[in-house]
Structures are given as C-alpha cells and as structure tokens.
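The structure appears right after this line, and notes come after that.
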Amino acid sequence: MRGAHLALALLGAANGLQAGLSPGRLPPMMAMMIGLATGLAASRLAAAARDHLLVAACALSILSAGACWLPQRARPLAAGVVLSLCSGLIAGHLAMASDLLQTADFAGACMLAVVATVALHRRGWSLAVLVVAGWLIAIGTLNLTLTVLPVTPGYAPDHLE
Amino acid sequence: MRGVSRSAALTMVVASVSAPAIAHSGTGLAGGFFSGFAHPLSGGDHMLAMIAVGLWGAFLGRPLVYLLPITFPMMMVVGAAAGMFALPAPPIEIGIAASVIVLGSCIAGAYKAPLPWAISIVAMFALFHGYAHGRELPSAADPIGYSTGFVLATGLLHVTGIAIGLLAQHRRGAVVIRSSGAAITAAGAFLLVQAVR
C-alpha cells in the first residue's frame, strides 16, 4: 500500500512525542501496545477499507502531535490513553491490511520518539519537541490532503521555467 | 540563546547541510521521500528563503526562534494544498523572489519585528513556496513520501538558519549575519529580475 509505512512511522512518532510529554508515560504506552495487538489480531479488512485507515492514521497523527501543544492541565492522562489506544488500533489494522512488517515502522518510530522526547525534556529542550510536533502536524495535514486529492499535479514545467 | 558553544553551532550547520545542492531539476522529479527531501535543497530560491527564516528567528529570539520554524511549514502546507487543487494565485515566482528579498532585508537591517508582524510576513511567503511545491508534486510512486520529505527538509533548513544565527552571539558574528542578509537580499533581487523577464 502506497505510503502506509511512512504513515505508520509518522503515527508512531506523533504518539511517541505525546506519550513522552505525558505526566505518566506507562499508561499511554501500554494502551498503544494493547491497541496494536488488538488491531493485528483483527480479521483482515477488505482492500476498500485501506484508504479509510490511511485517513484515520493521518488524522490521529495530527491529533497526537497537536496534543503536545496543550498545557499540562488541559491534557488529562485519560485523553492521552484513549488517543494512544486508538492509534495502536489503527496502526494494527493498517499493518494487517498492508504488510505485517510495517508494524516495526510504527513501534520503532514510537520508541525513538519517546526516548528522544524524555531526553530533551530532561535537558530543558522541550521547545524542540514542540517544533517537531508542529512539523508532524504539517506533514499529517498534507498527507490527509493527498488522500482526498483525485490526481496529483504530475510533471509540470518548473516554476522557474 | 546564550550558552551554546561555537563548536555546537558549527556542528549543527554541517550536519544540516550535508546533502549536496544540485541544480534545480524542474520537470521529471519522481520517487518518494528522498526526492521530496532533495527538492527544497535543489532550488536556490527555496533554500535561501528557508535558511533566512531560521536566521531571522535566531536574531529575533524567543518566542519567534521556535514559532517561525513552525509557522513556515504549516503555512507552506496550506499553500501546497492550494497548489495541488490548482487554485488561482498571484505570480508564484515573483512571490518567492520577494520572500528572499524581504527576509534578507530584515536580517541585513536587523529588523526587530513585533511578533504578529514577523509571523504574518513568514506565513504569507510560506504560502508561495508551498504553492510551488504543490504544483510540482509528481505523479510518482509515493506522493506521501515526497510531501513528507520536503516538509522535513524545510524544517532542517530552518534549523540550519538558526544554527548560523547563533554566531551572532559573538562580536564579529553579528557583522557576518547582517552581511549574509545583504547577500541573500542581492540574490533575491537577481531572482526577481529573472522572474519578471
């Protein structure tokens, strides 16, 4: 499936950032793993549902990255857990619909993001995490646009030509 | 942004510009992530504007040092979406050249813009850059990878600009930064002449 591995990596990274900044990191991480396992264990979906899964993955990436920008008091742990659970579910379904090995994209990106976020947060570099979260929101928005775009512009003369 | 050593700033610069700048390839771009990543690096106009955003952000300090590198990619995505849907737009190449001139001038003139002004200027010019990227999005194997690549490259160019801007902490660094701004402005003027012809 075109773009699924990258969508999974972005979803994993966004959730990793969100979990890394969460006051309690263990509940969101566990929820993510439970969701992922559930999604993988679910029956294989028809090919027609793959595009919807991709849209859902992009939307959840945006929400997860956007949650990083909320102040701590506006970001209850329960909401983070629900977000992680949904992300894990979608990632599991998407991996089952595309390629099981792509689960590694999601899990790897998530772990990397959590470790990096915790390290940066401890050094007082949380702003760098917020900047990366902003980039992930931009990428997620663009990917969401691409999923609804009927045809990409294709090869056209360069704007300098 | 005190407390960052010169060696750390130089390391960030070298790490961020390790990809070679090739000639703007224009038509025929194909592929996914790596093609998208290379696209902003292959256009001098894009590269100069994005580095200038980081440079100006470093000069303006907090909170703009991190708000500008967030504003530009986000608004660039809006512009890209407009380009993909072929919405009517003013002359894009003139807008891009103007972005290089204006941002270079702000750096050269050490303009301490108020927060709303700085964000508005960067947001407006980001639309032009995004529109150009959106119109040039190839019907390739992985448009999602391509779009991810060019947003990521944009962010890293901003970081490069910020790293260069850290040189301003030193006595001669400020002169170097403002001179760089003047050079960027001159390059922008050259691009504008090319675009108008």
Side-chain angles (χ1 to χ4, degrees), chain A residues 1-11 13-14 50-51 53-55 57-58 61-62 65-66 68-69 94 98 105 109 120 123-161, chain B residues 24-30 32-33 43-45 62-63 65-67 69-78 80-81 83-86 91-93 96 128 130-152 154-156 158-159 162 191 194-195:
Chain A
M1 182 182 185
R2 230 167 62 182
H5 64 97
L6 206 54
L8 283 166
L10 292 170
L11 183 59
R50 291 176 187 175
D51 287 342
L53 288 172
L54 200 53
V55 170
C58 293
S61 299
I62 295 168
C68 297
W69 276 88
L94 194 53
S98 312
D105 294 326
L120 288 169
R123 289 174 187 233
W125 281 60
S126 297
L127 285 174
V129 177
L130 296 182
V131 170
V132 173
W135 295 350
L136 290 179
I137 292 171
I139 293 170
T141 306
L142 192 53
N143 290 344
L144 204 57
T145 306
L146 281 165
T147 58
V148 300
L149 192 67
V151 178
T152 50
Y155 299 100
D158 176 61
H159 67 91
L160 282 178
E161 295 173 1
Chain B
H24 206 309
S25 48
T27 59
L29 282 169
F33 178 82
D45 49 352
R62 289 192 177 199
V65 68
Y66 61 85
L67 284 180
I70 293 171
T71 303
F72 193 100
M74 283 199 178
M75 293 309 296
M76 187 180 70
V77 161
V78 174
M84 287 179 212
F85 286 103
I92 296 301
E93 51 268 36
I96 290 174
F128 286 97
Y131 193 95
H133 287 311
R135 290 305 299 157
E136 293 163 13
L137 188 71
S139 292
D142 189 6
I144 287 179
Y146 185 89
S147 60
T148 302
F150 83 69
V151 173
L152 212 53
T154 299
L156 291 177
H158 293 327
V159 171
I162 292 170
L191 291 167
Q194 276 200 319

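Order of the sequence lines sets the chain letters (A, B, ...), proteins ahead of strands, with each chain counted from 1.
Of all heavy-atom pairs spanning B:P73 and A:A138, the tightest one is O-CB, 3.9 Å.
Two residues are said to be in side-chain contact when any heavy atoms from C-beta on lie closer than 4.5 Å; A:V131 and B:H158 fail this criterion.
To the nearest 0.5 Å, the span separating CE on B:M76 from CG on A:L142 amounts to 7.5 Å. If you take CG on A:N143 and OG1 on B:T148, they are separated by 4.5 Å, rounding to the nearest 0.5 Å. Atom CD1 of A:I139 and atom CE of B:M74 lie 10.5 Å apart (nearest 0.5 Å). Taking OH from B:Y146 and CG from A:L6, the interatomic distance works out to 14.5 Å, rounded to the nearest 0.5 Å.
Only the backbone of A:L130 comes within contact range of chain B, with heavy atoms under 4.5 Å apart. Looking at B:F72, there are no atoms closer than 4.5 Å to chain A (heavy atoms on both sides), in backbone or side chain.
Although no hydrogens or angles enter the test, the distance criterion places a donor-acceptor pair under 3.5 Å between the side chain of A:W135 and the main chain of B:P69.
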*asked:* Applying side chain to side chain contact (heavy atoms under 4.5 Å, CB included) to B:R62 and A:L127, what does each step give before you reach the verdict?
replied: CA-CA 10 Å; B:R62 289 192 177 199; A:L127 285 174; 3.5 Å; yes
